[in-house]
2 protein chains.
Amino acid sequence: MLHDPAQLDLMFQALADPARRQMVDRLSRGPASVSQLAEPLAMSLSAVVQHLNVLEASGLVRTEKLGRVRTCRIEPQALRAAEHWINERRLAWERRLDLLGDFLAETKDET
Amino acid sequence: MLHDPAQLDLMFQALADPARRQMVDRLSRGPASVSQLAEPLAMSLSAVVQHLNVLEASGLVRTEKLGRVRTCRIEPQALRAAEHWINERRLAWERRLDLLGDFLAETKDET
DNA sequence: TCAATACTGAAGTGATTGCTTCACTATTGC
DNA sequence: GCAATAGTGAAGCAATCACTTCAGTATTGA
């Protein structure tokens, strides 16, 4: 479920917007209500709610409504999935470079 | 330079598209020409070149033209920067949870 | 009970994206 | 030299995006 390519798509798309990354950044320091999330952003509350819905659909953020206040928090598992995708590709490349290095060193020895 | 928020923006935006992620995935297994990159993708060569330009502008991919062939390769440093941004936020959240856990454990002892 | 608070939802708008096609240039193998 | 190869660039187009405003609904504190 976490490595579902469609979910990964939603996550990277969610992270692509600077306002949404700022919201994730804020939430990494602790839960927040929609208004608290909106406070540092120069846009309407409606716009913030729309961003929040994108984040929630991506799985990066979970929200819970108590009374009239919606409290938002980060879902670290989802962050980990995005992190993992990048990490795998970077490691694949670096392993390739290491193997190539070894190969070049060996063939150098043989000449 | 690598933690320049504008560059980070370009990187996450570049990773938001599935075709571009597929290209990064292909390049993680080794360098490729534009045509090789295009081969598994169901779109025109022109479209692939446009995606490639986005990837290059973001710093995730570096290209080099020799004769009529443009060879593309991954820039692991840029991947690391995106990875790092996510990792920092996730760790901040997890540290917070740990501290909260400690606090709750302590106050429980005191009652 | 009534006003303030905290959102929610729909409609509209202008900008950006992800393609397409077509015409073009530069390089290379024969 | 000339055809095939490899890529480039511009124009156009439909869909999606990131907002806006405005009108609405619960919830809550005094």
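Here is how names work: the chains are called A, B, and so on, in the same order as the sequence lines, proteins then strands, and each is numbered from 1.
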Counting any heavy atom closer than 4.0 Å, what does S35(A) reach on the DNA or RNA strands: base, sugar-phosphate only, or nothing?
sugar-phosphate
Please tell me if K65(A) has a side-chain N or O lying less than 4.0 Å from either OP1 or OP2 of dA6(C).
no
With respect to the side chain of S33(A), which nucleotide from dC19(C), dC7(C), dA6(D) is positioned closest?
dC7(C)
Would L37(A) and L41(A) show up in the same hydrophobic cluster when neighbours are defined by side-chain heavy atoms closer than 4.5 Å?
yes
Are the side chain of R21(A) and the backbone N or O of L15(A) linked by a donor-acceptor pair below 3.5 Å?
yes
So R80(B) and E75(B), salt bridge (Lys or Arg N to Asp or Glu O under 4.0 Å) or not? Walk me through it.
CA-CA 9 Å; R80(B) 204 178 273 120; E75(B) 200 59 77; over 6 Å; no
Please enumerate all protein N or O atoms sitting under 3.5 Å from an N or O of nucleotides 15-17 of chain D, with distances to 0.1 Å.
| unit_1 | atom_1 | unit_2 | atom_2 | d |
| --- | --- | --- | --- | --- |
| dC17(D) | OP1 | Q13(A) | OE1 | 3.0 |

Of the candidates dT8(D), dC7(C), dC19(C), the side chain of Q50(B) sits closest to dC19(C)
Closest listed nucleotide, where the reference is the side chain of V34(A) and the choices are dC19(C), dT8(D), dC7(C):
dC7(C)
Five-pair end axes of the helix from dT1(C)-dA30(D) to dC30(C)-dG1(D), angle between them (10°):
30°
Reading nucleotides 22-30 of chain D 5' to 3', which nucleotides get B (base under 4.0 Å from a protein heavy atom), which S (sugar-phosphate only), which -?
B----BS--
For dT17(C), does either OP1 or OP2 sit under 4.0 Å from a side-chain N or O belonging to H51(B)?
no
Quick one: does any side-chain atom of E88(A) pair with a main-chain N or O of W85(A) as donor and acceptor, under 3.5 Å?
no
Please identify which of these residues, R70(A), R20(A), R62(A), meets the salt bridge (Lys or Arg N to Asp or Glu O under 4.0 Å) condition with E56(A).
R70(A)
S44(A) side chain near dT20(D) phosphate (N/O to OP1/OP2, under 4.0 Å)
yes
